[in-house]
Every structure is written in C-alpha cells, then in structure tokens.
Amino acid sequence: MKNAEVAKILQDIADLLELKGENVFKVRAYQKAAFSLEHLPVEVEQLVREDRLKGVPGVGEAITKKITELVTTGHLQYYEELKAEFPEGISALLDIPGIGPKTAMLLTHELDIKSVEDLEAAIAGDRVASLPRMGEKTVENIRRHIQALRRKDQRIPIGEAWMVVEEISAEMRKVTGLRNLTPAGSLRRFRETIGDIDLMGTADNASEVIRAFTGLPQVKEVLASGTTKASVVVAGGLQVDLRIVEHDSFGSLLQHFTGSKQHNINLRERAQRMGLSLSEYGITDVKTGKLEKFATEEACYRRQGLEYIPPEIREGSDEIERAERGTIPKLVEVSEIKGDLHVHTDWSDGRGSIEAMAQAAKALGYQYLGISDHSAGRGIARGLSVERLREQRAEIQKLNEQIADIRILSGMEVDIRADGSLDLPDEMLKELDFVIAAVHSAMNQDEPQMTGRIIRAMENPNVDILAHPTCRLLKEREAVSVDMEAVLQAAARTGTALEINAMPSRLDLRDVHAYRARELGVRLVINTDAHGPEHLSFIRFGVGVARRGWCQSRDILNTRSLTEIIAYFGR
DNA sequence: GCCGTTTTCGGCCCGACTGTTTTCAGTCG
C-alpha cells in the first residue's frame, strides 16, 4: 500500500472523528500522522517491515498498530467501523468552504442530508435557512461555493500560477508606494501545485495600493477588500490575495504567510516553550506582553535562536531542529546551474533549431547545452534514425566551431522498449557525448515489469541519465507503477544519474524522491526537456524541486563546469 | 492520540472573519 493511500485513510479517520465530535486533539493527532505519511521520503511498507514506524513524527503506539494492520492486511477494522457510523457522502460536505464538522452534522441530523446533491436540493427547497445559526447569507454562500467547487479545477500546476503572478506583479510594480511585493504561500515554497496565490507587500498608503489591486484588468471578481488586504478572483477561477503591512513588520508577515501550516505550528509550539508568542505581527513576550517587530525573515528566525530556513524546506519535517543546531545545508540555486542536458530541437519534436537553442542557453550564461532528440524506435515524435543522428552530430560539430562561449553536446533521449532494451544499438550510443534513457510507451505495465524494465535500461553502461522516471503528467496522467526505492537503489549501484525534469507539467522526480536519492548518494541532474527556446527558463521549477529535496549543488550534476561534465561522462 | 529544557499527566498555535448573535460559535488559513 502506497504512502498516499495510507495518508488518505488517516485523514479520513480524522474527518470522521471530527464529525463525531471527538476530542479535537485526537483529531489533530490523526491529521498530523496523515501529514507525516504523505511527506515520508521512504515507503511506509518498508518502515512496517523494519518496525520503524514509531520513529515517524506524530505516529505513536495506537497509530502504529493501525498502520501496520492496514499495510499488512490491506484493511483496517477501526476505520470500517467508523465509516459505518455515517452516511457515505457526508465527508464530501466538508470539502465545501464554509461547511465544517458542526454544520455538516447539523444538516444530516436535521434535514437528513447525506450528500452535496441532497444539500443543493434542500437549499432549492428553502429548508436550510431555518436551521439554528443559519441565515439567508450563509445559505447563499454555501450555494455559491458548491457552484465554484464544480467550476474550479482545484489546484493548478506551479508553472501556470507563476505566469499569473508575473503578470499581476508587473502591473502592481507601476503602483506608487508599493514595496517588497513578494509571492508567499505554496508558490514561494515551490510546491508542485498551487491552491491560491498570496501576495505580500509593504506600503505607507495601503488603501490606495489595495484599490489599484482590485482594479486590475485581470480581476474578474472582488471577494473582499479592506484597508490592509483584498481577495480577488482572476481568470480560471484562481483566487489571489494581497496583504499590505508597514515596512517594519514585513519579515513576520512574509514568514507567517509563507507557511507551511505545519512549519508554523511547530515553530509556535517551540516559541511557546520559550515564553514567546508568534504571530504575523511579530513576537510577543508572554510575560511582559511586549511585541517585537521584524523587517526581515532572517531577523525573525534569529530572535528565536534559529538559523534562516529557506522557504522550500519549511514543510514541518525536522527543519527546525536542524536550524537550531545550525546544520541547514546551503541549497542549490538557479545561478549555479551551468547547462541543460535534456533539450529537443526541430530535428525531432522541438520547435527551435539547434542554433536557436544554443543561443538561448548562452543568453542564460550556460557553459554547455546537451541536445537530446528522440530516437526513432516506435515512430514517436519524429525520432531520429541512426543516419539522421549522425547527420545531427556533424551539424553540432559545425555549430561548435561557429558559436563561441557555449559548447553543444551531442546526446539522445533514447526510448526504453517494453522489455527494457534500448531503441538504438550500443555502437551508436557509444559515439554520443551522453545518453538519456526514458520510457514513452507501454506505460500500463505492472509494477514488477516496469521496475525491471527501467532497471535493465540503467544497467546498460552507455546510459548516463534516466529521464522523468515516473512519466507522470500533472493533472493528466498518473505516474506509472514503479518501485521507486528499487530504481533509486539501482541508480546508486549503476551510477546512473536521475533527472529532475523541470517541465512544470512533469516535475519528475518528485521532491520526496529527490530527498531519498540524495540520502542514497544518487547523482541528480536538473533538465528542462525544452521543446523551444523559451522553455529553458523552466529550470527554476526543477531547482525548486531539488531544494525541496534538500539538495546542494554537489548533488546536482549540471552544476559542474564544462570540463568537469565532459570528464564525468568520460567518453 | 501524541509527547516531554517545567510534565509519563496535562497540556496540545494564532488571529481574523462571517454571520448570527447581543457576546460568540464555527470556519479558515
């Protein structure tokens, strides 16, 4: 059973206990355990086998027993009994903003509402507003939220959110008086998907800035607008919040709204033990009641005796303990990337010529660019035959003589066939500067087959890099069934680098697997898989994933210089 | 249900908003 499935069930248990009116701290315990499981860098099954569950934060004796039962039998008695106490569709009511456990139970008890559809019918029949603590406005809000929920496609990939932020930021920078405009929340932490956008800033004339914000051409609807904050909806149903404070409180504000929620809770619990109370306004000494403000996040962390913690790792694992000991690593940065090793051109399915791609890479300050068009095999994406590949190599050689200050490397993204063999003969692969292998077909194989297939490809000594290891496409295609732990172990054994594909629709490896890879000493490489010159800038999303995996520059292959990288490939 | 520089028992993050109330419960981030 996968970590995500176990986490989902624990979260479900938390919801049901909440509906039941159980002790809120018990509910929180299950939520906390669910969170831990979801962010675990290793498979829960492995922890169960090795009897190491107790080491997971928030997992004690009782939850250990439950997880063990769940993983070993695929079934949890406690959960089944709990579910049987409630009508099936009721937890879906909790997904509607504004409806929490109390309201959900009220609706079920008083009106026999068992699903979102029931609720809509009850609203249409005018039966809801008469309930205690319900009124016209509440009902209208619920009705609107149900509609919005149907319309909105939940979280969006970070790449899309980023474009919205850049557009809005460009407009807002024209507003006089506004300073320090910064996106916070999951966007700043570089999570792969984003629920809504939080923008932070400072100004002396906050209300004017807010007015300019709500008046932007992108704004479709203004949800709320006050003196320090506003919430709007832009195209696509995406919510954007802006908060403005005075300059001297910006550090605390940014810290608070960057989150994550779990990081902030851990931070506040710790502050509490120190006799301090933490909020978005600053740090209050509980004894004296005196509020201390912070203009920068660094100062805010320092006051708590902590080293600065980069946003990407503020996820509630052990980052606070590490900051206490002063052992937060220096995470890899975009400026340290010296080349891109997975790029397509118009020789296969890319849009740019080799030269255009090379010029774009040069403009980014790269030392090298690895061309890796598709192989011909199954006819995908206008793949190159052996002959065409040789022609391309000649072309690259010619261009290298013409273009200064960047070296074009001649590689290939070779298809891994269903049986794990490669699409081009070894003699051809040997001629290349480097070789990437990737799965593009027969994605429905079962886990043992897929895992064996990928490992077989990695065992070929000509393969340097395994590209987008799980083949997932965010919101479009699930990851293939593959035993990632086995793949990571094989990568360590064979010395194959694993790609962090920076294309916003892929982001594959994921952050937790990057974390695990680093633990195992597996070399990683951050590539964009660019199909046009403008895609090269996607590198920042891949760097974001690497940072979320606590990676430093030494963990990332393409932070190496041209000389080093050529020596590394050793051809 | 978890956990320990006060604790193996008694705690468990903080503030704001909304709508319904005449002081606050419920929900959210």
Side-chain angles (χ1 to χ4, degrees), chain A residues 10 13-36 53-67 78 82 93-107 128-142 144-145 184-187 189 194-198 200 223-231 239-241 243 245 249 252-253 255-284 286 291 304-305 316 320-321 324:
Chain A
L10 292 173
I13 292 175
D15 284 348
L16 294 171
L17 290 175
E18 203 171 15
L19 286 171
K20 209 173 162 180
E22 260 286 2
N23 180 329
V24 291
F25 300 110
K26 186 168 168 178
V27 172
R28 192 183 295 169
Y30 276 96
Q31 286 170 338
K32 213 169 171 179
F35 177 89
S36 277
L53 266 181
K54 276 293 269 296
V56 177
V59 177
E61 207 166 324
I63 296 184
T64 293
K65 262 184 157 166
K66 294 194 173 78
I67 295 177
Y78 176 74
L82 198 56
L93 294 178
L94 297 176
D95 294 337
I96 302 169
I99 293 189
K102 295 288 194 307
T103 313
M105 284 313 278
L106 181 74
L107 291 167
V128 180
S130 55
L131 294 176
R133 296 201 66 82
M134 292 293 241
E136 293 297 325
K137 277 194 170 171
T138 308
V139 172
E140 174 56 18
N141 280 336
I142 292 173
R144 276 184 41 214
H145 278 129
S186 43
L187 193 75
R189 300 200 314 281
I194 306 295
D196 54 22
I197 294 173
D198 297 303
M200 306 293 132
L223 296 175
S225 173
T227 52
T228 62
K229 62 169 267 190
S231 295
Q239 185 174 331
V240 185
D241 293 352
R243 287 162 209 267
V245 290
S249 310
S252 290
L253 178 82
Q255 196 289 314
H256 176 82
F257 285 105
T258 296
S260 67
K261 185 175 170 168
Q262 194 56 49
H263 174 79
N264 283 356
I265 288 175
N266 294 348
L267 210 56
R268 287 197 194 121
E269 281 176 353
R270 180 174 175 279
Q272 206 177 40
R273 291 196 290 273
M274 296 167 71
L276 302 172
S277 172
L278 214 58
S279 79
E280 59 265 50
Y281 299 107
I283 298 178
T284 311
V286 174
L291 175 74
Q304 300 169 66
I320 294 174
E321 288 89 329
E324 219 164 47

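What you see is a predicted model, and the numbers here were worked out from it, not measured in a lab. All chains are named by letter (A, B, ...) in the order of the sequence lines, taking the proteins before the strands, and each is independently numbered beginning at 1.
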What is the distance from [atom1] of [X] to [atom2] of [N], rounded to the nearest Å?
{"X": "A:Leu253", "N": "B:dG29", "atom1": "CG", "atom2": "C1'", "answer": "13 Å"}
{"X": "A:Gln255", "N": "B:dC13", "atom1": "CD", "atom2": "P", "answer": "16 Å"}
{"X": "A:Gln262", "N": "B:dC14", "atom1": "CD", "atom2": "P", "answer": "14 Å"}
{"X": "A:Lys32", "N": "B:dC12", "atom1": "NZ", "atom2": "P", "answer": "13 Å"}
{"X": "A:Leu53", "N": "B:dG1", "atom1": "CG", "atom2": "C1'", "answer": "15 Å"}
{"X": "A:Glu18", "N": "B:dG1", "atom1": "CD", "atom2": "C1'", "answer": "15 Å"}
{"X": "A:Leu94", "N": "B:dC28", "atom1": "CG", "atom2": "C1'", "answer": "13 Å"}
{"X": "A:Lys26", "N": "B:dC12", "atom1": "NZ", "atom2": "C1'", "answer": "15 Å"}

When we call it a touch if two heavy atoms are under 4.0 Å apart, what does [X] touch: a base, just sugar-phosphate, or nothing?
{"X": "A:Glu136", "result": "sugar-phosphate"}
{"X": "A:Leu267", "result": "nothing"}
{"X": "A:Ile265", "result": "base"}
{"X": "A:Tyr30", "result": "sugar-phosphate"}
{"X": "A:Pro97", "result": "sugar-phosphate"}
{"X": "A:Leu106", "result": "nothing"}

Mind checking whether [X] and [Y] have side chains closer than 4.5 Å, heavy atoms only?
{"X": "A:Lys229", "Y": "A:Asp241", "answer": "no"}
{"X": "A:Leu10", "Y": "A:Ser36", "answer": "no"}
{"X": "A:Val245", "Y": "A:Glu280", "answer": "no"}
{"X": "A:Phe35", "Y": "A:Lys32", "answer": "no"}
{"X": "A:Lys66", "Y": "A:Tyr30", "answer": "yes"}
{"X": "A:Gln262", "Y": "A:Asn266", "answer": "yes"}
{"X": "A:Leu131", "Y": "A:Thr103", "answer": "no"}

Using a cut-off of less than 4.0 Å, is there contact between a side-chain N or O of [X] and OP1 or OP2 of [N]?
{"X": "A:Ser279", "N": "B:dC13", "answer": "no"}
{"X": "A:Lys66", "N": "B:dG1", "answer": "yes"}
{"X": "A:Arg28", "N": "B:dC13", "answer": "yes"}

Taking the same atom, [atom1], in [N] and in [M], what whole-Å distance lies between them?
{"N": "B:dG19", "M": "B:dT23", "atom1": "C1'", "value": "13 Å"}
{"N": "B:dG4", "M": "B:dT8", "atom1": "P", "value": "13 Å"}
{"N": "B:dC9", "M": "B:dC14", "atom1": "P", "value": "25 Å"}
{"N": "B:dC13", "M": "B:dC28", "atom1": "C1'", "value": "14 Å"}
{"N": "B:dA16", "M": "B:dG11", "atom1": "P", "value": "26 Å"}
{"N": "B:dG15", "M": "B:dT20", "atom1": "P", "value": "26 Å"}
{"N": "B:dC17", "M": "B:dC12", "atom1": "P", "value": "25 Å"}
{"N": "B:dT21", "M": "B:dG26", "atom1": "C1'", "value": "13 Å"}

Taking only residues two or more places apart in sequence, or in another chain, which ones meet A:Glu140 in a salt bridge (Lys or Arg N to Asp or Glu O under 4.0 Å)?
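A:Glu140 satisfies salt bridge (Lys or Arg N to Asp or Glu O under 4.0 Å) with A:Arg143 once adjacent residues are dropped.
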Grab the N/O contacts between the protein and nucleotides 16-18 of chain B below 3.5 Å, and write none if there aren't any.
{"unit_1": "B:dA16", "atom_1": "OP1", "unit_2": "A:Tyr281", "atom_2": "OH", "d": "3.3"}

Residue closer to the 5' end of DNA chain B, A:Lys102 versus A:Thr284 (nearest nucleotide)
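Nearer the 5' end of the strand: A:Thr284.
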Contacts of A:Tyr78 and A:Phe257 projected onto DNA chain B by closest heavy atom; the upstream (5') one is A:Tyr78
So which protein nitrogen or oxygen atoms get under 3.5 Å of nucleotides 4-7 of chain B's nitrogens or oxygens?
none

Mind checking what makes side chain to side chain contact (heavy atoms under 4.5 Å, CB included) contact with [X], not counting sequence neighbours?
{"X": "A:Arg270", "result": "A:Arg273, A:Met274, A:Gln304, A:Leu306, A:Ile320, A:Glu324"}
{"X": "A:Asn264", "result": "A:Gln255, A:His256, A:Arg268"}
{"X": "A:Thr64", "result": "A:Leu53, A:Lys54, A:Val59, A:Thr68"}

Between B:dG1, B:dG29, B:dT20, which nucleotide has the shortest distance from any of its atoms to the side chain of A:Ile63?
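My answer, after comparing the listed nucleotides, is B:dG1.
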Taking the minimum atom-to-atom distance to the side chain of A:Ser277, which one of B:dG19, B:dT27, B:dC14 wins?
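From the listed options, B:dC14 comes nearest.
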Using purine N1 to pyrimidine N3 plus N6-O4 or O6-N4 for Watson-Crick, or N1-O2 and O6-N3 for G-U wobble, both under 3.5 Å, which nucleotide pairs with B:dT8?
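Partner of B:dT8: none.
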Does the side-chain hydrogen bond (donor to acceptor under 3.5 Å, both in side chains) test come out yes or no for A:Tyr78 and A:Lys65, once each step is laid out?
CA-CA 11 Å; A:Tyr78 176 74; A:Lys65 262 184 157 166; over 6 Å; no
